[in-house]
Amino acid sequence: MDYKPLDKEFYNTDTLTLARMLLGNIIVNHTPQGFTAGMIVETEAYLQNDPACHAFRGKTKRNAVMFGPAGHAYVYFVYGNHYCFNIVGNKEGIGEAVLIRALEPLDGLELMFRRRRKADKITDLTNGPGKLAEAMAIGREHNGLPLIEGSLFVARGWSFPSSAIVCAPRIGIKKATEKEWRYYLQGNPFVSKTYHTRGG
DNA sequence: CAAGAGATTCTC
DNA sequence: AGAATCTCTTGC
């Protein structure tokens, strides 16, 4: 309950390392309705020199925040329905970010259930990027905001040994699918659904 | 200005 | 397996 934001230095690392270090830490969002919190259990890294990255072809209006300072929120809208919440990595001028793919709910579960009317189990609240954005009420108003202060922030949680962290190919993309830049806590029931690889 | 793609979710 | 549904980006 006593959540304090991680400081700026936490984000002073390369984006692949940041994606692993974020696992076990806690996303907190305060709203007029109440607050919600969840532990990060699954992330994906998107690098500048990476065809799957929004910033691969340079800065645009949409991805501009990715080129800003690390530790800020990059929130974008996809498929006409969902928001995806990312944490900007690397230095200013380099367009990289970590997608938060799944959380383990810690606080404000009742509020999460109200926001996610389709969910009837705890494991359906935040086990996917669009789902957790809805449960945590993260939207376009958070795009570009620093996560070291304010109503939406990342708090220190737990650290896990690297033996508990699984690397795997990223989900839902068509380019650079060979990169294993998806990280999750092994055996955690809130990790988003894993898809079978088609033949091989 | 039109078309297409898209870091998803839900339902059939 | 396919629909829903919006915004940005790109191409003509």
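Letters A, B, ... mirror the listed sequences (proteins, then strands); counts begin at 1.
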task = Using whole Å, report how far CD of A/Glu44 lies from P of B/dG6.
result = 15 Å

note = Pairing string of DNA chain C (Watson-Crick or G-U wobble, both atom distances under 3.5 Å; | = paired to other strand) is ||||.||||||.

ask   = Is it true that A/Glu44 and A/Arg101 have a side-chain N and a carboxylate O under 4.0 angstrom from each other?
value = yes

Close residues, residues 18-27 of chain A, relative to DNA chain B [heavy-atom separation under 4.0 Å] = none

task = Kindly say whether, by distance alone, the side chain of A/Tyr79 makes a donor-acceptor pair under 3.5 Å with the base of C/dA4?
result = no

Below 3.5 Å is the cut-off: list the nitrogen or oxygen pairs between protein and nucleotides 10-12 of chain B, distance only.
from: B/dC10; atom 1: OP1; to: A/Arg116; atom 2: NH1; distance (Å): 3.2
from: B/dC10; atom 1: OP1; to: A/Arg116; atom 2: NH2; distance (Å): 3.1

key: Crowding at CG, A/Leu109 (>12 non-hydrogen neighbours, <6.0 Å)   = yes

task = Could you tell me the separation between the NZ atom of A/Lys61 and the P atom of C/dC6, rounded to a whole number of Å?
result = 17 Å

Below 3.5 Å between N/O atoms, which protein atoms pair up with nucleotides 10-12 of chain C? Just atom names and distances, please.
none

Aromatic centroids of A/His54 and A/Tyr76 separated by under 6.0 Å = yes

task = Please indicate yes or no: is the ring centre of A/Tyr46 less than 5.5 Å from the centre of the six-membered base ring of B/dA7, with the two planes inclined by under 30 degrees?
result = yes

inquiry  = Can you identify which nucleotide, out of B/dT9, C/dT7, C/dT5, has its nearest atom closest to the A/Arg140 side chain?
reply    = C/dT7

Greater than 12 external heavy atoms within 6.0 Å of A/Arg114's CZ = yes

query = For A/Glu178, does the CD atom have more than 12 heavy-atom neighbours from other residues, nucleotides or ligands under 6.0 Å away?
reply = yes

query = Taking atom C1' of C/dT7 as reference, at what distance in whole Å does atom CG of A/Asn63 sit?
reply = 14 Å

task = Within residues 91-98 of chain A, find the residues that approach DNA chain C with a heavy atom at under 4.0 Å, and present them sorted by residue number.
result = none

CG/A/Asp7: more than 12 non-hydrogen atoms of other groups inside 6.0 Å = yes

query = Does any pair with a residue in residues 121-179 of chain A pass ring-ring contact (aromatic ring centres under 6.0 Å, His included), and if so which ones, sequence neighbours excluded?
reply = none

inquiry  = If the threshold is 4.0 Å, N to carboxylate O, is there a salt bridge linking A/Asp14 and A/Arg20?
reply    = no

Distance, rounded to the nearest Å, where A/Phe56 contributes CZ and C/dT9 contributes P = 17 Å

inquiry  = Within the 3.5 Å criterion, strictly below it, is a donor on A/Asn63 or A/Lys59 matched to an acceptor on the partner's side chain?
reply    = no

message = Please report the distance, rounded to the nearest Å, between CG in A/Asn81 and P in B/dG6.
response = 17 Å

Sidechain-backbone polar pair: A/His30 side chain, A/Ser151 backbone, donor-acceptor under 3.5 Å = no

Flag, side chain of A/Asn12 to backbone of A/Glu9, donor-acceptor distance under 3.5 Å = no

message = When you compare the side chains of A/Asn188 and A/Glu104, does any donor N or O come within less than 3.5 Å of an acceptor on the partner?
response = yes

query = With side chains defined as the heavy atoms from C-beta onward, is the minimum distance between A/Leu145 and A/Leu152 less than 4.5 Å?
reply = no

query = For B/dT8, does either OP1 or OP2 sit under 4.0 Å from a side-chain N or O belonging to A/Arg101?
reply = yes

query = When you measure from the side chain of A/Asn86 to the backbone N and O of A/Tyr74, does any donor-acceptor pair fall under 3.5 Å?
reply = yes

ask   = What is the distance, rounded to the nearest whole Å, between atom CD1 of A/Ile171 and atom C1' of B/dA7?
value = 10 Å

ask   = Base, sugar-phosphate alone, or nothing: which one does A/Arg170 contact when heavy atoms must sit under 4.0 Å apart?
value = nothing

remark   = A/Phe77 has its side chain closest, among C/dT7, B/dA7, C/dC8, to C/dT7

inquiry  = Tell me whether A/Arg115 contacts the main-chain N or O of A/Ala135 through its side chain, where contact means a donor paired with an acceptor under 3.5 Å.
reply    = yes

query = Hey, does the side chain of A/Asn143 reach the backbone of A/Val75 with a donor-acceptor pair shorter than 3.5 angstrom?
reply = yes

